[in-house]
Amino acid sequence: MKHDVDLSVNIAGINMKNPVMVASGTFGFGREYSDFYDINKLGALVTKGLTFMPKNGNPPPRVHETPAGMLNSVGLENPGVQGFIEEEWPHLSELAIPVIANIDGDTVEDYHKTAKKLSSLEGLAALEVNISCPNVEKGGLAFGQEPESAFEVIKAVREATRLPIIAKLSPNVTHIQKIAEAAVSAGADAISLINTLLGMAIDIDTQQPIFSRKFAGLSGPAVKPVALRMVWEVCEAVDVPVIGMGGITTWQDAVEFILAGASAVAIGTANFVNPTAPLEIIEGIKAYLDMKGRNLQDLIGAARG
Amino acid sequence: MKHDVDLSVNIAGINMKNPVMVASGTFGFGREYSDFYDINKLGALVTKGLTFMPKNGNPPPRVHETPAGMLNSVGLENPGVQGFIEEEWPHLSELAIPVIANIDGDTVEDYHKTAKKLSSLEGLAALEVNISCPNVEKGGLAFGQEPESAFEVIKAVREATRLPIIAKLSPNVTHIQKIAEAAVSAGADAISLINTLLGMAIDIDTQQPIFSRKFAGLSGPAVKPVALRMVWEVCEAVDVPVIGMGGITTWQDAVEFILAGASAVAIGTANFVNPTAPLEIIEGIKAYLDMKGRNLQDLIGAARG
Amino acid sequence: MNNTVAALADIVQNKEIAPNIYHMKIKALDIAKKAVPGQFLHIRCGKTLSPLLRRPISIADTDEKTGCVEIIYRVVGEGTRLLSQTLTGHKLDVIGPLGNGFPLPEKDAHCIIVAGGIGTAPIIYLAKKIASEPKNKNSVTTVLGFTTKSEVFGEGYLKFPGVETIIATDDGSYGYKGFPTDILERLLQEHMGKTDPIIYSCGPKPMLIKVKEIAASKNIRAYLSLEEHMACGVGACLGCSVKSSRKGYKKVCKDGPVFEAGEVELC
Amino acid sequence: MNNTVAALADIVQNKEIAPNIYHMKIKALDIAKKAVPGQFLHIRCGKTLSPLLRRPISIADTDEKTGCVEIIYRVVGEGTRLLSQTLTGHKLDVIGPLGNGFPLPEKDAHCIIVAGGIGTAPIIYLAKKIASEPKNKNSVTTVLGFTTKSEVFGEGYLKFPGVETIIATDDGSYGYKGFPTDILERLLQEHMGKTDPIIYSCGPKPMLIKVKEIAASKNIRAYLSLEEHMACGVGACLGCSVKSSRKGYKKVCKDGPVFEAGEVELC
Ligand SMILES: Cc1cc2nc3c(=O)[nH]c(=O)nc-3n(C[C@H](O)[C@H](O)[C@H](O)COP(=O)(O)OP(=O)(O)OC[C@H]3O[C@@H](n4cnc5c(N)ncnc54)[C@H](O)[C@@H]3O)c2cc1C
Ligand SMILES: Cc1cc2nc3c(=O)[nH]c(=O)nc-3n(C[C@H](O)[C@H](O)[C@H](O)COP(=O)(O)OP(=O)(O)OC[C@H]3O[C@@H](n4cnc5c(N)ncnc54)[C@H](O)[C@@H]3O)c2cc1C
Ligand SMILES: Cc1cc2nc3c(=O)[nH]c(=O)nc-3n(C[C@H](O)[C@H](O)[C@H](O)COP(=O)(O)O)c2cc1C
Ligand SMILES: Cc1cc2nc3c(=O)[nH]c(=O)nc-3n(C[C@H](O)[C@H](O)[C@H](O)COP(=O)(O)O)c2cc1C
Ligand code: FES
Ligand code: FES
């Protein structure tokens with residue numbers, strides 16, 4: 001029962017030939033993994049988080065391994081939106097796949113300015129608005145932790161751009177549905193989740209926290225069950241497409257997220273473990289659909305009964 | 001520099017000869033692990049969660065493995081408080097270590113009644129009030145998710161008993177400190193955390209959620225970084241002793257929790273992996289303190305600077 | 001009380017006896033001495049935190065003299081894959097023997113043992129034990145079902161005096177064509193009126209359901225060995241429940257894995 | 001662009017050469033052809049999800065003819081423990097060569113290479129490369145420091161023409177007593193005024209700090225190989241930062257692991 005599997009999906013106007021993107025902050029600006037494969041095979045690429053002004057990020061150490069996961073405290077090191085436009089956009093704009101800029105800010109105004117500036121880039125596919133980064137002093141996490149502030153940030157970005165807006169949510173909340181609803185009502189065209197869970201580690205030799213900022217973001221396979229639950233919850237609450245991520249390492253993981261209702265998935269930490277993970281996941285989803293004689297669209301939310 | 005390490009700790013009047021207890025629901029009523037060692041070596045034992053009326057629990061499957069963790073949906077199967085008193089208390093009351101009853105309820109009234117009934121047991125060391133179980137229809141999780149309901153439950157238990165009260169918190173919240181503060185202001189003598197993180201898993205063959213109740217509780221090493229962070233946060237917010245748990249598998253993990261501020265730790269999922277884990281953890285903490293020439297009291301919160 | 005042992009046992013054999021089916025022998029005298037057929041080991045298949053939980057595997061034989069305990073397992077996932085790669089000479093972290101066992105016939109009986117696929121493993125131990133019981137004069141017929149010829153194993157292990165073995169394959173590529181339960185029905189027909197039959201069974205759930213149905217319809221005692229995902233394996237976590245026919249749930253690890261067919265609801 | 005390779009390489013040797021120090025050889029022709037001294041491999045030490053991340057290990061030698069790439073590693077934690085248990089004949093999941101390398105001397109120079117402990121690994125490759133460069137007439141002195149005699153390794157690997165090796169142990173149980181940086185200072189004293197010296201160094205941070213200090217005070221070029229915890233190893237995650245002497249951070253995996261001493265702040 002061979003058939004030509006249709007893997008394509010359109011998320012808020014972003015046309016993807018397959019549902020597998022790479023997660024912000026785990027794929028730099030797309031240069032590094034080109035050594036391993038043709039990154040035009042991805043469904044879409046999401047950049048490292050951008051802020052209006054350049055950011056140095058946090059002092060080392062910035063990463064720490066945990067059981068089936070890792071903590072990071074990169075602190076949004078990035079060249080700023082101007083630096084991005086000069087140094088990174090030229091090569092990114094030549095890719096054949098949608099490129100999505102992930103943006104962040106210390107203030108609502110920052111988000112607005114960054115969004116505005118990026119909107120001038122011809123060919124940029126969308127903005128992913130990170131209201132959930134746990135590794136910066138101001139803003140970041142706080143914005144994504146209450147419906148009101150989530151609303152405010154997304155509204156400010158909405159006013160700055162006509163690009164599709166993907167609101168990226170923090171999992172460190174009691175009611176993820178309320179945050180998702182607020183983001184959508186402020187104008188988000190899609191939701192992505194989860195960002196990292198807030199965690200920490202202590203060095204028992206020095207008896208001090210490992211990270212200078214004490215808390216850091218947990219990602220990787222360890223968080224998958226939590227991410228999947230939150231994707232399920234958000235798909236229940238909002239009508240916009242959802243991009244699922246958090247610990248996706250195999251095609252089976254990706255299929256779980258799609259069955260839960262995600263229209264696409266993003267691969268983060270798994271890139272570090274297996275540089276060709278996104279390709280293997282695309283192939284795996286394809287073979288699975290082939291076996292079931294279905295297309296991607298049939299799979300989205302199929303476990304919701 | 002050999003010295004006699006003092007491992008003892010007193011938590012809200014509960015005298016423990018060492019800071020290692022076993023976590024509710026992972027040690028039954030203390031019969032099963034006696035095959036492997038003398039459980040009188042533990043710091044304290046916490047029973048499976050008790051409700052006023054007996055509970056059958058959820059249909060199978062009830063457990064599912066995840067990366068470095070597990071999901072459970074036991075659903076508080078227990079003989080009810082009367083059944084406990086008749087069947088389990090007789091042998092538990094003969095133990096030489098503090099026994100703590102973990103209690104749960106669908107309503108505030110349930111908690112009150114269960115607490116009252118248990119208070120009549122001579123020798124019971126304390127009540128651990130589970131306001132965080134994600135596996136039951138009503139109450140459970142909801143109580144621990146808002147400061148107001150957490151306050152209400154603990155207050156009702158406070159009015160029912162003179163026993164020390166340990167409030168067991170849910171990690172599925174935005175602001176764990178607020179819940180801890182509410183519990184303490186309602187009369188909790190200590191805080192324990194974390195209960196399980198809400199997660200889920202989907203069977204990609206049947207395309208259905210694994211668990212009949214869809215969501216289940218995530219525990220084990222995977223959650224350790226989150227648990228440690230929350231213990232740190234709660235120790236910052238309240239002055240009562242904190243019992244840390246969540247993924248503790250080795251003595252090094254336990255030391256991290258104590259350095260973060262926990263006065264004691266509880267071993268849960270690790271019992272399933274290594275039945276003698278609690279003993280090895282006691283020995284490890286002892287050797288560590290021995291090496292450092294310190295006592296347990298010196299270690300508590302030492303990473304807080 | 002010390003019925004269950006935690007042991008770091010020496011692996012003395014770990015060989016593939018059929019595609020993806022391994023036969024492992026470990027030295028664990030304490031377990032060998034205590035075990036009865038139907039009980040299982042709870043095995044730490046890896047050394048790291050993933051996979052995390054132990055895996056339940058039935059005891060397929062024991063030898064009190066050499067102190068050996070044997071298991072036969074099929075590679076189906078990561079745990080059993082790691083187990084299959086574990087080398088002779090290394091140690092295996094096991095706890096056991098766990099659970100109850102198959103109640104042996106109290107008086108002369110005709111024991112019909114029905115196994116499907118890897119369910120054959122505990123059946124080897126059971127058949128041997130019943131057949132070697134000197135007091136009673138039991139006859140034992142084992143009926144082993146497999147999907148196809150290449151999957152067949154266990155026949156060689158069952159060559160004891162007093163044990164007759166019948167093999168069935170779904171596709172008829174070896175032995176009888178059909179399900180082992182078809183053969184069970186025929187055997188019961190033949191034996192009706194002679195010594196009391198007792199049925200023992202271990203295998204996939206649909207097979208057990210059928211066995212239960214047959215036993216109930218003919219009013220014959222049947223013991224079924226069930227599987228359920230487990231965490232602790234010792235009765236502490238309440239993770240391995242199976243619906244009781246009366247009320248609530250039973251624990252497969254502690255109340256089972258062997259149940260009298262009428263005790264539990266399968267489905 | 002294809003500078004970095006992902007390979008499932010055959011392990012052809014994995015043997016303990018000193019207590020807890022292993023010397024592994026793998027077949028990875030593409031890596032052997034491209035590598036330069038100072039680069040590293042990023043290795044998946046286990047096959048399960050724990051430990052999750054790859055481990056960075058320096059290339060200790062290559063052989064373009066046999067296609068072999070060699071590493072020397074110390075067992076310090078779970079990843080390296082698993083690596084040490086990996087068997088010859090099995091596959092190793094590696095990516096590499098990663099990072100920059102040690103810049104080789106452009107003209108005749110006296111190269112003093114200072115290594116501490118396991119920092120000796122990449123130094124073997126470097127010394128061999130410099131000494132075998134036919135165009136220049138470099139002289140190479142390697143100074144290896146270890147805590148005590150039983151820890152010493154690498155001397156045998158450094159027996160090439162043109163390479164002189166000096167060993168120091170902290171406790172004087174083998175070779176000179178003292179730190180390798182003590183010897184560095186003496187060598188610089190002796191060589192002053194002759195050919196330009198260049199210092200290369202790899203080892204524990206306190207040693208590198210001292211090397212940097214000595215080089216700065218005498219105004220000598222020095223290249224240091226740094227370590228930092230890594231996730232991606234390829235420059236994508238910004239996890240392996242080291243403070244730049246100018247502004248912001250550098251990535252050890254991509255901008256390094258070798259830095260000119262003045263480029264980075266150590267502490
Ligand atoms: C009492 C008992 C006795 C058993 N005896 C044998 C035996 O003798 N030989 C044999 O090959 N198998 C036996 N099994 C089944 C065996 O436990 C599973 O095949 C094994 O756990 C699969 O682990 P895995 O990591 O390879 O597979 P995975 O599917 O990756 O395992 C994932 C999780 O599911 C659990 N799981 C998966 N399948 C089963 C199953 N059928 N039963 C229980 N848990 C499961 C695992 O324990 C693990 O926690 C027995 C099961 C039980 C309950
Ligand atoms: C560029 C580079 C080259 C290296 N070359 C060698 C070599 O040739 N031989 C050798 O023995 N060691 C080398 N190391 C150190 C080696 O990477 C660590 O010893 C190893 O990662 C420890 O892993 P583990 O799981 O055994 O220890 P664990 O302490 O359990 O590791 C836990 C985590 O910390 C990280 N980590 C621990 N120590 C280090 C360290 N020193 N540097 C970077 N990350 C660390 C691990 O990668 C892992 O993510 C090198 C490190 C770097 C950065
Ligand atoms: C090193 C690292 C850096 C990250 N940087 C960003 C970032 O800049 N912006 C953002 O929105 N998310 C960032 N994330 C979060 C990931 O995009 C993703 O949401 C998260 O890691 C969960 O997915 P995973 O478990 O597959 O990694 C980062 C994650 C990691 C591990
Ligand atoms: C199978 C299982 C059953 C549990 N039952 C209870 C319970 O009845 N009451 C309760 O307060 N916590 C219960 N818990 C939560 C544990 O006590 C503990 O808080 C949690 O598992 C985190 O610790 P761990 O990661 O060490 O297991 C249960 C956990 C598991 C795994
Ligand atoms: S597996 Fe824990 S009670 Fe059976
Ligand atoms: S380890 Fe990822 S940038 Fe260096």
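Just so it is clear, the model here is predicted, and its values are computed rather than measured. Residue numbers start from 1 in every chain, and the chains themselves are labelled A, B, ... in the order their sequence lines are given, proteins ahead of strands.
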Would you call C:Cys237 and B:Glu32 a side-chain contact if the rule is heavy atoms closer than 4.5 Å?
-> no
Taking C-beta and beyond as the side chain, do C:Glu228 and B:Pro61 meet within less than 4.5 Å on heavy atoms?
-> yes
Who wins among C:Gly248, C:Ser50, C:Cys232 for the most heavy-atom pairs under 4.5 Å with chain B?
-> C:Cys232
Take atom CZ in C:Phe153; do more than 12 heavy atoms of anything else shown fall under 6.0 Å from it?
-> yes
Straight-line distance of C:Leu238 CG to B:Asn58 CG, nearest 0.5 Å | 11.5 Å
Measure the shortest side-chain to side-chain distance between B:Thr269 and C:Leu52 over non-hydrogen atoms and say whether it is less than 4.5 angstrom.
-> yes
Inter-residue atom distance C:Lys243.NZ - B:Asn56.CG, 0.5 Å rounding = 6.5 Å
Which bit of B:Phe29 comes within less than 4.5 Å of chain C, counting heavy atoms only: side chain, backbone, both or neither?
-> neither
Is the closest side-chain heavy-atom distance between B:Thr249 and C:Leu49 below 4.5 Å?
-> yes
Engaged part of B:Pro59 at the chain C interface, taking heavy atoms whose separation is under 4.5 Å | both
Beyond-backbone contact of B:Glu65 with C:Pro51, side-chain heavy atoms, under 4.5 angstrom = yes
Does any non-hydrogen side-chain atom of B:Pro275 lie less than 4.5 Å from one of C:Val234?
-> no
B:Tyr33 versus C:Ala236, closest heavy-atom pair with distance = CE1-CB, 3.5 Å
Go through the atoms of C:Ile95 and report whether side chain, backbone, both or neither lie under 4.5 Å from a heavy atom of chain B.
-> side chain
